[in-house]
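Okay, so here's the structure we're looking at.
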Amino acid sequence: MDRNSTIYPCDEAGNSFLRDNTFDLIHSHIQGIKLSGVITNTTIIFENNSYNLRVIPFDNLSEDFREDFFDNVDLEYVITLQNQAIFADVIHAMNHVHFHKNYFDTILDSYSDGIFITAADGTATYLNSTYEELTGMNREQIIGKKVYDLETAGYFTPLVTPTVLKTNQVVTVFQRFKTDKFAFITGTPIYNNLGEPVLILICANAFEYANSIKKSQYSWDTPAPISMQLYEDSSIDIIAESVEMRHALQDAFRIAAYDVHVLILGDSGTGKEVVSSLIHTSSKRRQQPFLKINCSNLSPTLLESELFGYEAGSFTGALSKGKPGLLEIAGKGTVLLDEIGEMSTQLQAKLLRVLQSGEAFRVGGTKPIKINARLIASTNRDLKRMISEGTFRKDLYYRLNVATIMLPSLNERREDIAPLLQHFLYIYNKKYGMNKKFSAELIEILEEYTWPGNVRELKNIVERLLIMCIDDLLLPKHLYSKYFSFEETGVQQGDILINGIPMLAEAISAVEKTIVTRALEATKSTRKAAELIGVSQSTIMRKIKDHNISIK
């Protein structure tokens with residue numbers, strides 16, 4: 001994508017995808033996450049297929065090829081799409097046969113993408129016929145060689161394997177081959193059961209339109225934002241299908257450009273730390289440190305010494321040379337004060353001085369220290385109520401409240417639930433070498449669930465279901481047996497109190513009423529409640545009538 005929002009398909013697969021799908025929807029997804037200065041990831045769903053969408057700032061790609069290769073086009077972003085189900089198939093298969101590499105041909109040689117596999121030490125292990133044709137390599141000559149030696153011999157440049165191993169993340173580069181062909185290379189680590197990377201899967205998408213790139217029909221008259229150069233190799237996940245979340249992200253990107261302190265409000269688990277990372281990496285301070293501290297995890301005394309530092313001998317156990325605080329260490333970077341509502345009023349007063357004067361004193365110190373860091377504060381508490389109760393300073397609140405972002409709960413952004421489920425399914429399938437899928441019925445139930453723990457709870461549910469369930473297709477019964485039976489709000493399984501020896505019919509009736517009521521509260525639907533507890537909808541309707549259960 002160039003700075004005028006014109007999209008150029010790089011190969012026939014990309015051209016076909018744009019041609020067969022709704023252009024406006026694709027463009028909307030890209031516009032929604034392309035404003036950050038870092039690589040951003042999301043999950044999009046088209047015609048019941050889920051895709052991983054990565055938007056990569058063009059500055060992140062190899063510098064050697066930009067001027068001579070893209071001299072006629074002012075490109076800003078590279079966009080990659082990966083079918084999550086197909087990728088999960090590959091990862092799952094590789095995870096099961098990586099000790100039997102002779103099976104690779106059977107699994108991978110039929111793929112249209114170039115596939116190159118190395119061991120964790122950089123030894124070439126496998127390449128399919130597509131990769132051979134693209135690179136001019138011969139597998140008999142290459143297998144067993146180190147990728148470092150292959151680069152030196154001029155087969156390809158630059159290397160991706162060392163960066164994958166260093167970051168343990170997916171890495172994309174633009175690579176040139178000895179054949180004078182070009183490709184976008186995506187390297188993905190494959191882990192063993194101990195979580196150690198054992199293989200690197202490299203997928204090569206040939207740049208088929210390299211010598212004839214020109215303006216295509218895939219363009220929109222939407223103003224493009226000012227490009228922000230990528231200064232660090234980092235990646236952030238964003239799911240923002242809902243209007244509410246897109247507005248919150250737009251506020252975050254807008255605020256990032258202005259050097260003001262920020263207050264992020266929202267329930268626990270809504271993604272306040274992710275948004276704070278977006279603000280830092282999209283700001284002028286992104287080359288500087290980004291430090292985080294949770295104000296609720298430390299006692300007031302320890303929190304004070306961590307934030308402001310201390311002088312030598314200021315208290316028992318202090319280091320002989322003293323210690324700088326996070327505000328000092330951050331320099332011209334950013335400091336996130338998570339759960340600032342838990343900070344004591346005494347520390348609030350000291351923090352207020354930092355905001356007012358730009359100076360702080362170490363514990364036991366008499367010399368002011370200049371503080372240049374930007375502060376981002378976040379909390380799930382109602383600060384205005386705390387002000388009226390005298391537990392949060394009004395002057396500090398208004399100092400922080402110059403730029404405020406309110407994050408919606410997951411219950412308020414229901415359009416994001418299905419993409420979030422597929423996104424975390426993709427992540428954990430890849431992490432654990434699995435190939436599990438959600439049934440349509442289970443997704444429907446989860447879309448109706450109230451999500452008191454927000455995105456954090458959703459992420460935990462997905463990981464738990466993948467680990468705890470043997471079946472590859474996840475159904476409503478798995479959710480009920482592996483989650484709701486243990487996590488029901490405020491009630492543990494078997495927590496029914498029996499006084500004396502009641503009539504059996506009365507006891508059964510009480511249990512039935514409890515189960516049906518909980519299923520209805522969880523699903524908000526008689527049909528889905530029936531699926532959840534394994535009965536027919538007519539049975540649910542009869543139990544509602546028999547037990548006089550109130551439903552909304």
Please list, chain by chain and in numerical order, all residues satisfying side-chain hydrogen bond (donor to acceptor under 3.5 Å, both in side chains) with Glu412, sequence neighbours excluded.
Ser409
According to salt bridge (charged side-chain N to carboxylate O under 4.0 Å, His left out), who are the partners of Glu441, at least two apart in sequence or on a separate chain?
none
Tyr77 side chain near Asp2 side chain, heavy-atom distance below 4.5 Å:
no
Give the intermediate values and the outcome of side chain to side chain contact (heavy atoms under 4.5 Å, CB included) for residues Val455 and Thr270.
CA-CA 6 Å; Val455 178; Thr270 50; 5.9 Å; no
According to the interplanar angle, ranging from 0 to 90°, do the rings of Phe392 and Tyr397 count as parallel (below 30°), tilted (30 to 60°) or perpendicular (above 60°)?
perpendicular
One thing to verify: whether Arg393 and Asp395 come together as a salt bridge, which I'm taking to mean a side-chain N less than 4.0 angstrom from a carboxylate O.
yes
Any donor-acceptor pair under 3.5 Å linking the side chain of Arg518 with the backbone of Ile515?
no
Could you tell me if the side chain of Ile417 sits less than 4.5 Å from the side chain of Trp451, heavy atoms only?
yes
Partner of Tyr449 by side chain to side chain donor-acceptor pair (under 3.5 Å), out of Glu457, Lys524, Lys528
Glu457
First locate atom CG of Leu425, then atom CG of Leu421, and finally report the distance between them rounded to the nearest 0.5 Å.
8.5 Å
Which pairs, with at least one residue in residues 413-424 and sequence neighbours excluded, count as a salt bridge (Lys or Arg N to Asp or Glu O under 4.0 Å)?
Arg413-Asp416
With Phe424, which residues qualify under ring pair (Phe, Tyr, Trp, His ring centres under 6.0 Å), at least two apart?
none
Residue set satisfying salt bridge (charged side-chain N to carboxylate O under 4.0 Å, His left out) with Glu328, at least two apart, ordered chain then number -> Arg362
Non-neighbouring partners of Lys513 that pass salt bridge (charged side-chain N to carboxylate O under 4.0 Å, His left out), sequence neighbours left out:
none
Give, for atom CG of Leu466 and atom CD1 of Ile427, the distance between the pair rounded to the nearest 0.5 Å.
11.5 Å
Give a yes or no on whether Lys477 atom NZ has more than 12 heavy-atom contacts from other residues, nucleotides or ligands under 6.0 Å away.
no
His280 side-chain N/O to Gln288 backbone N/O, donor-acceptor pair under 3.5 Å
yes
Is Thr301 close to Val363 at the side-chain level, that is, under 4.5 Å between some pair of heavy atoms?
no
Check Pro197 against Asn168 and note the closest heavy-atom contact, atom names and distance.
CG-OD1, 3.8 Å
So how far is it from Met386 CE to Lys394 NZ, rounded to the nearest 0.5 Å?
15.0 Å
Rounding to 0.5 Å, atoms CG (Leu465) and NZ (Lys436) come to a distance of 9.5 Å
Tell me, please, which residues at least two apart from Lys459 pass salt bridge (charged side-chain N to carboxylate O under 4.0 Å, His left out).
none
Non-neighbouring partners of Asn294 that pass side-chain hydrogen bond (donor to acceptor under 3.5 Å, both in side chains), sequence neighbours left out:
Ser296
Any side-chain hydrogen bond (donor to acceptor under 3.5 Å, both in side chains) pairs touching residues 340-357, not counting sequence neighbours?
Glu304-Lys350, Glu342-Arg381
Looking at Thr379 and Gly341, what are the two nearest heavy atoms and their distance?
OG1-N, 3.7 Å
Which heavy atom of Leu336 sits nearest to which heavy atom of Ser276, and what is that distance?
CD2-OG, 3.4 Å
Could you go through Thr334 and Ile279, starting from their C-alpha distance and side-chain angles, then the distance that decides it, and tell me whether this counts as side chain to side chain contact (heavy atoms under 4.5 Å, CB included)?
CA-CA 9 Å; Thr334 306; Ile279 293 172; over 6 Å; no
Point-to-point distance, once rounded to the nearest 0.5 Å, from CG of Leu298 to CG of Leu303
5.5 Å
Non-hydrogen side-chain atoms of Asn380 and Glu339 separated by less than 4.5 Å
yes
Side chains of Glu359 and Ile369: does their closest heavy-atom pair fall under 4.5 Å?
no
List the steps, then state whether side chain to side chain contact (heavy atoms under 4.5 Å, CB included) holds for His547 with Val516.
CA-CA 9 Å; His547 302 300; Val516 172; 5.6 Å; no
For Cys295 and Met343 the tightest heavy-atom approach is SG-CE, 3.9 Å
Is the shortest heavy-atom distance from the side chain of Leu249 to the side chain of Ile238 under 4.5 Å?
yes
Asn52 and Arg54: CA distance, side-chain angles, deciding distance, side chain to side chain contact (heavy atoms under 4.5 Å, CB included) verdict:
CA-CA 7 Å; Asn52 175 248; Arg54 300 179 80 223; 3.3 Å; yes
Tabulate below the donor-acceptor pairs under 3.5 Å that side-chain atoms of residues 255-268 make, not counting sequence neighbours, or state none.
residue: Asp259; atom: OD1; partner: Arg285; partner atom: NE; Å: 2.8
residue: Asp259; atom: OD1; partner: Arg285; partner atom: NH2; Å: 3.3
residue: Asp259; atom: OD2; partner: Arg285; partner atom: NH2; Å: 2.9
residue: His261; atom: ND1; partner: Leu375; partner atom: N; Å: 3.0
residue: Ser268; atom: OG; partner: Arg456; partner atom: NH1; Å: 2.9

Side-chain heavy atoms of Val78 within contact of Thr172, under 4.5 Å:
no
Can you list the residues that meet the side-chain hydrogen bond (donor to acceptor under 3.5 Å, both in side chains) rule with Ser525, with sequence neighbours excluded?
none
Does the side chain of Leu479 reach to within under 4.5 Å of the side chain of Ile445, using non-hydrogen atoms?
yes
Separation of Ile239 CD1 from Leu410 CG (nearest 0.5 Å):
11.5 Å
Is there a donor-acceptor contact under 3.5 Å from the side chain of Ser277 to the main chain of Glu273?
yes
Least distance between heavy atoms, Leu474 atom then Leu442 atom
O-CD2, 3.5 Å
Salt bridge or not for Arg527 and Glu444, using N-O below 4.0 Å?
yes
Determine the minimum heavy-atom distance between Ala377 and Leu400, stating which atoms define it.
CB-CD1, 4.1 Å
Within residues 369-378 or reaching into it, pairs that qualify as side-chain hydrogen bond (donor to acceptor under 3.5 Å, both in side chains) - sequence neighbours excluded:
Asp338-Ser378
Once the angle between the rings of Tyr428 and Tyr432 is folded into 0 to 90°, is it parallel (under 30°), tilted (30 to 60°) or perpendicular (over 60°)?
parallel
